[in-house]
Amino acid sequence: MSLVVYNTRTGSKAPLEPIEPGHIRMYVCGITAYDYCHIGHARSALVFDMIVRYLRYRGYQVTFIRNFTDIDDKIIKRAQEQNTTCEELSERFIRMFHEDMARLGVAAPTLEPKATEHVGEIISLIEELIKRDLAYQVGNDVYYKVEQFADYGALSGRSLDDMQAGARVSVNENKAHPMDFALWKGSKPGEPTWESPWGPGRPGWHIECSAMSKKYLGDTFDIHGGGKDLVFPHHENEIAQSEGASGKPFVKVWIHHGFVTIKDEKMSKSLGNFLTIREVLEKYPAEVLRLFVFSTHYRNPLDYSETAMNDAASGLERLYGALAELAQLPEAGKAGAASAIGAKDREKLISIENRFQQAMDNDFNTALALGNFFEAVKTMNKVRQGLPTVPAAEDLALLRESAATLRHLAAILGLLTEEPAAYMAARKNALLQGLGITEAEIEALIAARNQARKEKDFAKADAIRDELLLKQIEIKDSASGTTWSVKAA
RNA sequence: GGCGGCGUAGCCAAGUGGUAAGGCAGUGGUCUGCAAAACCAUUAUUCAGCGGUUCAAAUCCGCUCGCCGCCUCCA
């Protein structure tokens with residue numbers, strides 16, 4: 001059974017075959033560091049984090065490069081607005097990005113190169129393109145000669161003619177062809193500047209990724225990823241640059257994820273409908289965001305809403321809740337006792353890992369994998385409930401193994417990484433904030449209610465329960481005592 | 001205008017030729033003093049609409065409608 005991945009370039013799925021057996025080399029376009037990251041960036045980070053973890057779980061060595069764009073028009077503009085330098089601004093937001101990633105539990109890439117630290121490589125690459133007649137200098141700028149590259153448009157499935165038909169292509173008189181794009185931009189006064197054969201200037205946007213991927217992964221590597229909006233022009237231009245300069249294929253598989261939308265519209269700064277990662281994490285634990293992100297296939301749009309996040313929170317609690325219950329099972333069972341687990345349930349528990357792999361092998365189908373998790377938990381709950389007072393040792397062992405397997409696999413999605421009891425407690429405390437009642441007050445009311453119950457004063461007991469419910473506190477009586485939880489919003 | 005994607009229950013969502021996963025919500029039951037949680041059962045004769053291919057279609061083809069994205073910075 002092999003891992004099958006959808007490739008934007010071919011528009012179809014194919015088995016992943018690394019260039020070097022057992023080793024995947026992957027490059028993902030990171031952020032332009034000029035502002036706080038929004039949940040679209042979070043989706044990108046989370047999706048590729050999941051992909052890297054799954055590839056490693058499948059036994060591949062993974063070299064994962066994710067760059068920072070730290071010089072660009074937006075950075076220059078924002079730095080001027082804030083009366084600071086581009087360097088200070090980009091470094092500040094790279095720091096913020098790292099904070100966000102840490103809170104999301106996103107593992108660090110192998111390397112996180114910055115454009116400004118690779119200007120030498122960029123200049124060499126541009127020189128090579130000029131030598132090959134794929135680029136030309138105009139004043140202090142250098143442009144890529146799009147018509148000279150036969151495959152231009154192959155990734156995004158468009159022809160130069162189609163694109164020229166669009167009215168939105170602005171005409172720059174300096175360019176030989178309207179679609180030619182800048183490799184090097186001569187700098188204006190006050191802008192960050194590097195010396196080059198074409199005079200003082202700075203790199204164009206696309207060239208940095210060609211230069212850095214070449215340096216760290218070689219002329220040809222396995223996977224290149226990013227958001228769908230990067231297909232054109234960014235990745236199209238990268239192909240033109242890299243293949244133009246090396247004469248070799250650039251990337252084997254292109255992976256692009258869908259957008260995060262709000263009310264079915266793409267989040268964007270111009271619409272003002274974006275949410276930052278830190279805003280969302282103020283309201284929800286990181287794992288809730290992860291569950292939300294992975295509940296849809298990575299290539300589909302993902303519509304953010306409070307309802308969706310609350311659903312995800314409920315779902316996550318269901319998973320943690322089941323694990324917390326399992327953890328309370330007695331240590332030792334009766335050795336050699338007959339099993340109380342039916343054949344079908346047993347099969348479900350034993351096949352957890354298998355089904356997970358099957359789902360994930362099909363183009364990282366996390367939505368299906370999560371569905372399997374819920375089914376597994378359903379079975380575990382059912383089996384647990386059906387256990388006799390003194391369960392068979394064998395059954396306890398199977399349940400514990402299943403729970404351990406579930407957590408092991410969920411960790412690939414960055415889920416169920418906390419101690420179940422601790423998660424439930426922390427979530428409870430977080431929800432308790434701002435409800436106007438303390439844990440001690442709740443405990444006192446429960447004690448009073450239990451006293452009333454003992455005295456068969458059910459009217460009073462119910463009154464107390466209603467009072468608690470009014471404050472969003474739900475109580476749960478069981479043989480071992482009364483527990484409580486905060487009702488989800 | 002060019003290119004691409006999507007439309008599955010109240011909501012979210014998987015399913016790419018073999019007879020509709022899963023989550024959230026709902027209903028009935030077990031349990032409970034009553035509840036809650038959990039479990040059991042149940043909830044789409046049907047996959048935007050129409051037509052076609054096929055023994056067989058949500059899945060393939062054509063057309064129609066609706067929504068979205070890219071073509072300009074963008075995850």
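Note: hydrogens, waters and symmetry copies are ignored here, and every other heavy atom, side chains too, is used. Chain identifiers are assigned alphabetically (A, B, ...) following the order of the sequence lines, protein sequences preceding nucleic acid strands; residue numbering begins at 1 within each chain.
Proximity note for A:N381 (side chain, C-beta onward) versus B:G23, B:A38, B:C34: the nearest is B:A38. In the set B:A21, B:A38, B:C34, the nucleotide with an atom closest to the side chain of A:R453 is B:C34. Listed nucleotides: B:C24, B:A35, B:C39. Nearest to the side chain of A:K378: B:C39. With distances taken from any side-chain atom of A:F232 to the nucleotides B:G69, B:C71, B:A36, the minimum falls on B:C71.
Pair assignment for B:C39: B:G29, on the basis of Watson-Crick or G-U wobble contacts that are both within less than 3.5 Å. Across all strands shown, the partner of B:C65 is B:G7, judged by Watson-Crick or G-U wobble contacts whose two distances both fall under 3.5 Å. Both distances falling under 3.5 Å, in either a Watson-Crick or a G-U wobble arrangement, place B:G1 opposite B:C71.
Between B:C39 and A:R318, a contact under 4.0 Å exists linking OP1 or OP2 to a side-chain N or O. Note on A:N300: every side-chain N or O is 4.0 Å or more away from OP1 and OP2 of B:C6. Using a 4.0 Å cut-off, no side-chain N or O of A:K77 falls inside it from OP1 or OP2 of B:C73.
Backbone-only contact: A:T296 has heavy atoms under 4.0 Å from sugar-phosphate atoms and none from a base. At the heavy-atom level, A:G227 lies under 4.0 Å from the strands shown only through sugar-phosphate atoms. A:H38 comes within contact range of at least one nucleobase, with a heavy-atom separation under 4.0 Å. A:K456 comes within 4.0 angstrom of no nucleic acid atom, judged by non-hydrogen atoms across all strands. Using a 4.0 Å heavy-atom distance criterion, A:H257 is classed as a base contact. Contact annotation for A:K382: backbone-only contact, meaning every heavy-atom pair under 4.0 Å involves sugar-phosphate atoms and none involves a base. Counting non-hydrogen atoms under 4.0 angstrom, A:V260 reaches a base of the nucleic acid. As judged by a 4.0 angstrom heavy-atom cut-off over every strand, A:N365 is placed among residues touching the sugar-phosphate backbone only. Residue contacts for A:L230: at a heavy-atom cut-off of 4.0 Å it reaches the sugar-phosphate backbone alone, with no base atom in range. Residue contacts for A:S156: at a heavy-atom cut-off of 4.0 Å it reaches the sugar-phosphate backbone alone, with no base atom in range. Here A:D462 lies in heavy-atom contact (under 4.0 Å) with a base. Among the atoms of the strands shown, none is found under 4.0 Å from any heavy atom of A:R355. Counting non-hydrogen atoms under 4.0 angstrom, A:F259 reaches a base of the nucleic acid.
Without hydrogens or angle criteria, A:D303 side chain to A:K263 main chain gives a donor-acceptor distance under 3.5 Å. A donor-acceptor contact shorter than 3.5 Å links the side chain of A:R43 to the backbone of A:G258.
Comparing the C1' positions of B:C12 and B:U53 gives an interatomic distance of 34 Å, to the nearest angstrom. Taking atom C1' on both B:C6 and B:A58, the two are 14 Å apart, rounded to the nearest angstrom. Rounded to whole Å, the separation between the C1' atoms of B:A9 and B:U46 comes to 10 Å. The same atom, P, is picked in B:A57 and in B:G51; the two are 14 Å apart, to the nearest Å. If you take atom C1' in B:C73 and the same atom in B:G62, they sit 39 Å apart, rounded to whole Å. Of the C1' atoms belonging to B:U19 and B:U30, the separation is 33 Å, rounded to the nearest Å. Straight-line distance between the P atoms of B:U27 and B:A37: roughly 12 Å, to the nearest whole Å.
Annotation: cation-pi pair A:R66/A:F48 absent, no NZ/CZ under 6.0 Å from the ring centroid and within 45° of its normal. A cation-pi arrangement is found for A:R158 relative to A:F232, the charged atom lying closer than 6.0 Å to the ring centre and inside a 45° cone about the ring normal.
Contact annotation: side chain of A:R299 to base of B:G4, donor-acceptor pair absent below 3.5 Å. Contact annotation: side chain of A:R158 to base of B:G4, donor-acceptor pair absent below 3.5 Å. Residue A:D477 places a side-chain atom within donor-acceptor reach of the base of B:C34, judged by atom type and a 3.5 Å distance cut-off alone. Taking 3.5 Å as the limit, the base of B:A38 and the side chain of A:Q385 contain a donor-acceptor pair of atoms between them.
The interatomic distance linking A:F97 (CZ) with B:A75 (P) rounds to 11 Å, in whole Å. Summarising the geometry, the separation between CG on A:L329 and C1' on B:A38 is reported as 14 Å, rounded to the nearest angstrom. Atom-to-atom, CG of A:D363 to C1' of B:A14 comes out at 13 Å; the value is rounded to the nearest Å. Between A:M309 atom CE and B:G23 atom C1' the separation is 15 Å, expressed in whole Å. Protein atom CG of A:N362 is 18 Å distant from nucleotide atom P of B:A21, rounded to whole Å. For the pair A:I352 CD1 and B:A21 C1', the interatomic distance rounds to 16 Å; values are reported in whole Å. The distance from atom CZ of A:F294 to atom C1' of B:G22 is 17 Å, rounded to the nearest whole Å. Going from atom CG of A:D70 over to atom C1' of B:C73 covers 17 Å, rounded to whole Å.
An aromatic stack links A:F458 and the base of B:G33, using centre distance under 5.5 Å and interplanar angle under 30°.
Ring planes of A:F274 and A:H38: tilted class, angle from 30 to 60°.
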